[in-house]
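One structure is given here, and the rest of the page talks about it.
Residue numbers start from 1 in every chain, and the chains themselves are labelled A, B, ... in the order their sequence lines are given, proteins ahead of strands.
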Amino acid sequence: MRRFSRTATRSPSCRRYRAAEAVGCERHSDVRLLTSPFAPAEEIASFARAKPESGGVVSFIGQVREGDGVEALELQHYEPLTLPAMEKLAVSVHRRWDLDGVLIVHRSGVMVPGDPIVLVAAAARHRRDAFAAADFAMDHLKSESWFWKREKRGGEWHWIEPREQDFDDIARWG
Amino acid sequence: MRRFSRTATRSPSCRRYRAAEAVGCERHSDVRLLTSPFAPAEEIASFARAKPESGGVVSFIGQVREGDGVEALELQHYEPLTLPAMEKLAVSVHRRWDLDGVLIVHRSGVMVPGDPIVLVAAAARHRRDAFAAADFAMDHLKSESWFWKREKRGGEWHWIEPREQDFDDIARWG
Amino acid sequence: MSLNLVFLGRLEDVAGSGKLSVPVLPCIDAVIDSLDPSLGQALKAPRVKLAVNGILVQDTDAPVLKDGDEIAFLPPVSGG
Amino acid sequence: MSLNLVFLGRLEDVAGSGKLSVPVLPCIDAVIDSLDPSLGQALKAPRVKLAVNGILVQDTDAPVLKDGDEIAFLPPVSGG
């Protein structure tokens, strides 16, 4: 599988990005697009440890489901669009709720059942903010992110079309 | 600090409890009341790994907040009531949403800022169920659990009264 | 021949201890009346719940107490 | 003197490759028309979006293309 990112002129992938530095108006966002496996629980541990002022940390781990006959899943990204859009999402989440930090980590490339795909975490003084922020971020990642997905079943790859459910989810946020 | 649990005649604390064995109608609940520190991220990692059929795992980590002048926090439990009520909560969460698993871990005893207090995790095929289940479980743990809390500020312990916000939170669930 | 009283939360401070062993008396009201009046008053506060041997009881249940029973006095919980 | 075409998602299968280098033509319509008709038709589907050098463009923007430009054809995303 080729990576189109090679042709891009924007930010390199797999690097740690702090929205604060680029956007100038938001703090404590950590947004990463990874092309190799990661350990969500370790990310959550260090994220929570770094937010001792937060009473609550809500996290979502999305992993490749086992048992639907899916042998592998591939997410394709387009470097000039995918990471910048994730960074924008982190900024809008920060603006919408009172948060101490937002973490968004997303895989690209080929994954097998059990592999983590995505991790979103939100740290807040009050848990209501953290729950809503993580929920909102996931809905938007699922429906609006620049990722193209295909699944391997019975040795054959099939591209996945957008799910109507994803649009319903995002409509909840008005 | 004495532990009243010594006087109780019911289940010993700190043990792993599987609601399935006791209740007979629900599967995959793991409910624990701990009197010593725990590592929430490691719990999340093993919980997610044990649910490969789940697309999503939502977790909430509550930790003692740093920076409000709180030197220490103590949660007191009453063994004959506290753990059984947590187990009942896990069962009701399982009944209310379509889940592959529920994890509830709660500390009792003295904690300092940064220490984890509570971990709730829900694994589900669809993330909406996992988010709602974790949110619901936290609201009910916060407002209905048999825990008494006191904070140490300036060397003095003060008991914490119930928060009205907690009752508002629980009212959301109808 | 004794009852074990357990005081949770702020009631522990009022009682001066989380536990107290008292002689057996037939009903909870009699037990409360045998205690220091300021403690008795705190235990009778409207939002204090009672558990006997780990079972929540209503005032109207008026269980007959016997040797070794544990009576827990539970003020409003402050949450997890 | 060439343009770099990038095909995402299922368009990669239609194109037979994720990338294609083609001679410079002044506008996107001309580029599409120079391709295999079945690919051209897929690229003109209503929900396929376009990015030129990483910037999303509307049909009406009609950028003037130059050597080395990257044109990405983006079918509907399938989500993260």
Side-chain angles (χ1 to χ4, degrees), chain A residues 1-11 33 60 62 64 73-86 89 104-108 111 116-120 137-151 156-167 169-170, chain D residues 1-25 28 31-32 35-36 38-39 41-59 61 63-80:
Chain A
M1 180 59 207
R2 281 151 290 96
R3 288 265 65 79
F4 301 129
S5 52
R6 307 277 187 280
T7 67
T9 54
R10 291 224 192 143
S11 50
L33 176 59
F60 175 87
V64 183
L73 177 105
E74 180 178 5
L75 283 178
Q76 211 177 61
H77 73 281
Y78 181 55
E79 183 70 23
L81 298 178
T82 311
L83 184 61
M86 290 166 61
L89 175 60
I104 301 177
V105 182
H106 211 300
R107 270 296 308 276
S108 182
M111 290 157 272
I117 305 169
V118 58
L119 167 65
V120 162
M138 276 311 304
D139 278 356
H140 285 73
L141 276 173
K142 279 287 186 181
S143 58
E144 295 184 336
S145 289
W146 293 102
F147 287 108
W148 295 269
K149 192 190 297 186
R150 57 179 189 168
E151 291 177 350
E156 301 261 336
W157 285 101
H158 304 276
W159 290 102
I160 307 298
E161 295 297 316
R163 292 171 59 235
E164 287 307 316
Q165 177 64 40
D166 292 334
F167 296 109
D169 286 343
I170 208 169
Chain D
M1 295 289 284
S2 65
L3 301 171
N4 301 310
L5 308 187
V6 175
F7 307 108
L8 277 297
R10 59 181 167 73
L11 294 177
E12 177 185 347
D13 292 352
V14 182
S17 167
K19 278 174 63 180
L20 193 63
S21 188
V22 298
V24 174
L25 284 168
I28 291 169
V31 171
I32 292 175
L35 301 171
D36 180 273
S38 67
L39 176 57
Q41 195 173 9
L43 300 182
K44 284 194 262 190
R47 296 177 70 192
V48 172
K49 294 179 180 172
L50 288 180
V52 176
N53 297 330
I55 307 292
L56 282 173
V57 296
Q58 306 293 330
D59 290 349
D61 289 351
V64 175
L65 301 173
K66 58 186 190 305
D67 184 39
D69 280 354
E70 174 170 297
I71 307 171
F73 296 91
L74 315 158
V77 294
S78 29

Worksheet entry | Pro80(A) to Gly54(D) - nearest heavy-atom pair and separation |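 Nearest heavy atoms, Pro80(A) then Gly54(D): CB-CA, 3.5 Å.
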Practice prompt. Assess whether side-chain contact (heavy atoms from CB on, under 4.5 Å) is satisfied between Arg150(A) and Asp13(D), documenting all intermediate values.
Written response: CA-CA 11 Å; Arg150(A) 57 179 189 168; Asp13(D) 292 352; 4.3 Å; yes
For the atom pair [atom1] ([X]) and [atom2] ([Y]), what is the distance rounded to the nearest 0.5 Å?
| X | Y | atom1 | atom2 | value |
| --- | --- | --- | --- | --- |
| Phe147(A) | Leu8(D) | CZ | CG | 11.5 Å |
| Arg10(D) | Ile160(A) | CZ | CD1 | 12.5 Å |
| Tyr78(A) | Phe7(D) | OH | CZ | 11.5 Å |
| Glu12(D) | Trp157(A) | CD | CH2 | 11.0 Å |
| Ile55(D) | Leu81(A) | CD1 | CG | 8.0 Å |

Discussion item. For the backbone of Pro75(D) and the side chain of Trp148(A), can you confirm whether one donor and one acceptor N or O come within less than 3.5 Å of each other?
Written reply: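 Here the side-chain-to-backbone pair exists.
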Discussion item. Could you work out, with salt bridge (charged side-chain N to carboxylate O under 4.0 Å, His left out) as the rule, every residue matching Glu144(A), not counting sequence neighbours?
Written reply: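 Result, salt bridge (charged side-chain N to carboxylate O under 4.0 Å, His left out) vs Glu144(A): none returned.
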